[in-house]
Visitor: 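This is the structure I want to talk about, given as structure tokens.
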Amino acid sequence: MSPTTDPVAELRAAVAAAAAELSDNGASKTFSFDRPPKPEFGDYSTNAAMLLAPTMGEKPRDVAQRLGALVEQNLADEVEKVDVAGPGFLNLFMSDAWWRDALAAALAAGESFGGGTAEPAERILVEFVSANPTGPITVASARHAAYGDALSRILEFAGHAVEREYYVNDEGGQVQRFAQSIQARARGEEPPEDGYAGEYVGDLAQKIDGAADMDLGELARRGVDLMIEDVRQTLERFGVSMDRFFFEHTVHENGEIERTIELLGEHGLIYEHEDAVWLRTTNFGDDKDRVLRRSTGEFTYLAPDIAYHVHKRERGYDRLIDVWGADHHGYQSRMLAAWEALGGEPGRLELLIMQLVNLVERGQRVQMSKRKGEFVTLDDLIDDIGVDAARFFLLQRSHDTTLDLDLSLAREQSQDNPVYYVQYAHARIASILRKAGEERVREALEADFSEELHPSARGLLKRLLGFPDEVTVASARRAPHRMTVYGHDTAQEFSAFYRDCRVVGAAEEGGDENFRIATCVMTQRVLARSLELLGVSAPEHM
RNA sequence: GCGCCCGUAGCUCAGUGGAUAGAGCGCUGCCCUCCGGAGGCAGAAGUCGCAGGUUCGAAUCCUGCCGGGCGCGCCA
């Protein structure tokens, strides 16, 4: 996005230029530029003077005075006035002319407004969900799905090239027990003690011809294939399209695990002890070394997992993001150790830990255990409250905090869900624009504005102009939940604007209908984009 | 015992160095001659777990402690 399509970035740059001029380019500190908490502190505010003061050997408020005078001179009639406040804040009050031009500039940016700011743009692989292929997607995995997908959408919009991948653990003991459980059901028996007892296991047994007498390896493969197809369909229904399902067995079959272990051995990081092969992860800060190959000759989960990450790295991504469950946090250090051991650049592999989802049903915890078959699936959740509410709900909280999802509340009082509030604002704007008529809207967008801004209009515009920053922060901090807050705030600001400023028929109260229609169009675009980044629909009617 | 995450309003949570800490739900009281009331306005409600430290300035950064969750396998 070019500077001229982000009015706030342009303004910030103007202030930065003035600060540089004032300090003789001496200071290159990054100062704040944000919306102050109260209207009397102006529209935008900077602490630049406070940061420059020490190196300039002057008092902060004096520096702020001089900076303010310079900004006022440079920006001329774009700025109404500047104030020095508190310990040395410089507060900018923008003129109506600036707001009108800012709206026009933001509209001119079109669909790209707020996007494409990533610097540098990277090729990123986001691996998420990756639940064992031994059962349907649960609500815990649903949070991973919503998070990983929303994060991917935001990264893409910010300008990165993103691929979504699901790692399928189709080897090892869990899959063995899965196959044994299917076979038991096929024979009309109970699954083994440590097997899978869910109803779906019986369904699989019926779908697979000859499951009762099939070779367990073959049965496992068939079962996993069917299970993953279910998973894929559920994810699609949830609005999540994986670019790839990567099967663990591929690194077993093409010798990449052995190659990885050899590679580690060349770095002197491998040793044998009690017939097992160990990796010296303690060299990289792990609290103990880890087994790669058991004394029985089988690999632990870690060996193929490292091989998988080598595989991913060799595919040429700039960055790998793994979304892991809270129960995996103990594996961060060993995976990062292996990554570094193999020459991976620290920081290029990000292991994001998702905290748990507590399902609450009428005040009671709902247990989620695939083995016992007591769990709420993502399909169940979607049936209850719909994709939009489910995604919004699961995305509302930061990924590193535990999420309480009250099913009975979400089901019975879904009108209280904030997602409807945001969608309602979008639908209401659509209605206003329908009332104005397509032709009127087109005219309005091409007109010169003359509006004298109501405080509500200024507040709304300020929020809309903050969208690019919001995307940048949500992207950089891997924090999709910020878009739920932003969407809600924007809807709220629109409600105030709607109350105070009649749009269709604005002239009757001395307003500029063109400006107000344009403001509606801009709000609608930003709301639609915010919802899209969350994977939530933006309806024209409700 | 060790490690990771969390501790902010009655509840669920935003807020990763700025000004008098916010939202939703719940609670109290108002508002439909009005472009969509799935709405709006006002109010009550807080020792930002505790104690130190850094800073002009700390919910935010550092240290210690307390409380909760999750992990600590030659399971994945």
Side-chain angles (χ1 to χ4, degrees), chain A residues 32 34 36-38 40-41 45-47 50-51 53-54 59-60 85-89 91 130-132 134 167 169 171-175 177 194 248 273-278 286-288 290-302 304-305 325-333 353-356 358 360 393 396-406 409 413-425 427-436 473 477 479 481-482 484-486 488-489 491-492 495-496 498-506 513 516-517 520 541-542:
Chain A
S32 72
D34 42 31
K38 296 177 73 72
E40 52 265 43
F41 295 146
S45 161
T46 178
N47 65 354
M50 286 182 275
L51 298 183
K59 290 179 184 170
F89 289 106
N91 295 331
S130 300
N132 279 344
T134 51
Y167 179 58
N169 291 111
E171 297 274 346
Q174 304 288 2
V175 175
R177 282 185 282 281
D194 56 354
E248 180 184 344
H273 177 64
E274 292 178 351
D275 297 327
V277 176
W278 296 71
D286 201 358
D287 56 358
K288 57 182 277 196
R290 305 294 168 176
V291 171
L292 290 180
R293 191 197 292 266
R294 290 193 272 271
S295 48
T296 60
E298 296 168 317
F299 295 115
T300 63
Y301 82 96
L302 186 59
D305 222 12
D327 56 343
H328 277 60
H329 74 251
Y331 309 115
Q332 281 182 105
S333 56
I353 301 298
M354 297 289 292
Q355 292 301 315
L356 301 178
N358 289 322
V360 179
F393 236 99
Q396 263 188 301
R397 310 307 180 204
S398 167
H399 68 91
D400 56 15
T401 194
T402 312
L403 176 84
D404 275 7
L405 178 43
D406 189 330
L409 184 74
Q413 304 180 14
S414 59
Q415 71 276 10
D416 291 332
N417 192 308
V419 68
Y420 292 103
Y421 184 82
V422 182
Q423 290 180 316
Y424 180 74
R428 184 188 248 172
I429 293 169
S431 168
I432 294 170
L433 296 178
R434 276 194 299 273
K435 190 177 177 88
V473 172
R477 292 186 194 163
H481 74 280
R482 295 182 67 100
T484 67
V485 177
Y486 178 80
H488 190 270
D489 288 346
Q492 220 162 33
S495 292
Y498 172 80
R499 180 193 65 230
D500 296 328
C501 305
R502 165 166 280 275
V503 177
V504 178
E513 191 178 271
R516 295 183 182 181
I517 288 175
C520 286
H541 302 271
M542 289 178 75

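Chain letters run A, B, ... following the sequence lines, proteins first and then strands; every chain starts at 1.
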Visitor: Assign A:Glu298 to base, sugar-phosphate, or nothing according to its heavy-atom contacts below 4.0 angstrom with the strands shown.
Guide: nothing
Visitor: Only counting residues at least two apart or in another chain, list the ones meeting salt bridge (charged side-chain N to carboxylate O under 4.0 Å, His left out) with A:Arg290.
Guide: A:Asp286, A:Asp287
Visitor: On RNA chain B, compare the nucleotides closest to A:Ala491 and A:Val473; which residue's is nearer the 5' end?
Guide: A:Val473
Visitor: RNA chain B: A:Lys288 or A:Ala430, which has the more 5' nearest nucleotide?
Guide: A:Ala430
Visitor: Under 3.5 Å, which protein N or O atoms sit close to an N or O of nucleotides 32-35 of chain B? Give each pair with its distance.
Guide:
{"from": "B:rC34", "atom 1": "O2'", "to": "A:Arg502", "atom 2": "NH2", "distance (Å)": "3.4"}
{"from": "B:rC35", "atom 1": "O2", "to": "A:Val503", "atom 2": "N", "distance (Å)": "3.4"}
{"from": "B:rC35", "atom 1": "O2", "to": "A:Val504", "atom 2": "N", "distance (Å)": "2.8"}
{"from": "B:rC35", "atom 1": "N3", "to": "A:Val503", "atom 2": "N", "distance (Å)": "2.8"}
{"from": "B:rC35", "atom 1": "N4", "to": "A:Tyr498", "atom 2": "O", "distance (Å)": "2.6"}
{"from": "B:rC35", "atom 1": "N4", "to": "A:Cys501", "atom 2": "O", "distance (Å)": "2.9"}

Visitor: Residues in ring-ring contact (aromatic ring centres under 6.0 Å, His included) with A:His481, at least two apart?
Guide: none
Visitor: In B/S/- notation, 5' to 3', how is nucleotides 10-15 of chain B contacted by protein heavy atoms closer than 4.0 Å?
Guide: --BSSS
Visitor: Residues two or more places apart in sequence or in another chain: which of them pass salt bridge (charged side-chain N to carboxylate O under 4.0 Å, His left out) with A:Asp489?
Guide: A:Arg463
Visitor: Is the base of B:rG36 stacked against the aromatic ring of A:Tyr424, taking ring centres under 5.5 Å apart and planes under 30° as the test?
Guide: no
Visitor: For B:rC74, does the base pair up with any side-chain atom of A:Thr296 as donor and acceptor (N or O, under 3.5 Å, distance only)?
Guide: no
Visitor: List the protein contact pattern of nucleotides 53-61 of chain B with one symbol per nucleotide (5' to 3'): B for base contact, S for sugar-phosphate-only contact, - for none; contact means a heavy-atom distance under 4.0 Å.
Guide: ---------
Visitor: Taking only side-chain nitrogens and oxygens of A:Tyr421, does any of them come within less than 4.0 Å of OP1 or OP2 of B:rG40?
Guide: yes
Visitor: Syn if the chi torsion is within 90° of 0, anti otherwise; quick check, which is B:rC61?
Guide: anti
Visitor: Would you say A:Gln355 places a side-chain N or O within less than 4.0 Å of OP1 or OP2 belonging to B:rC4?
Guide: no
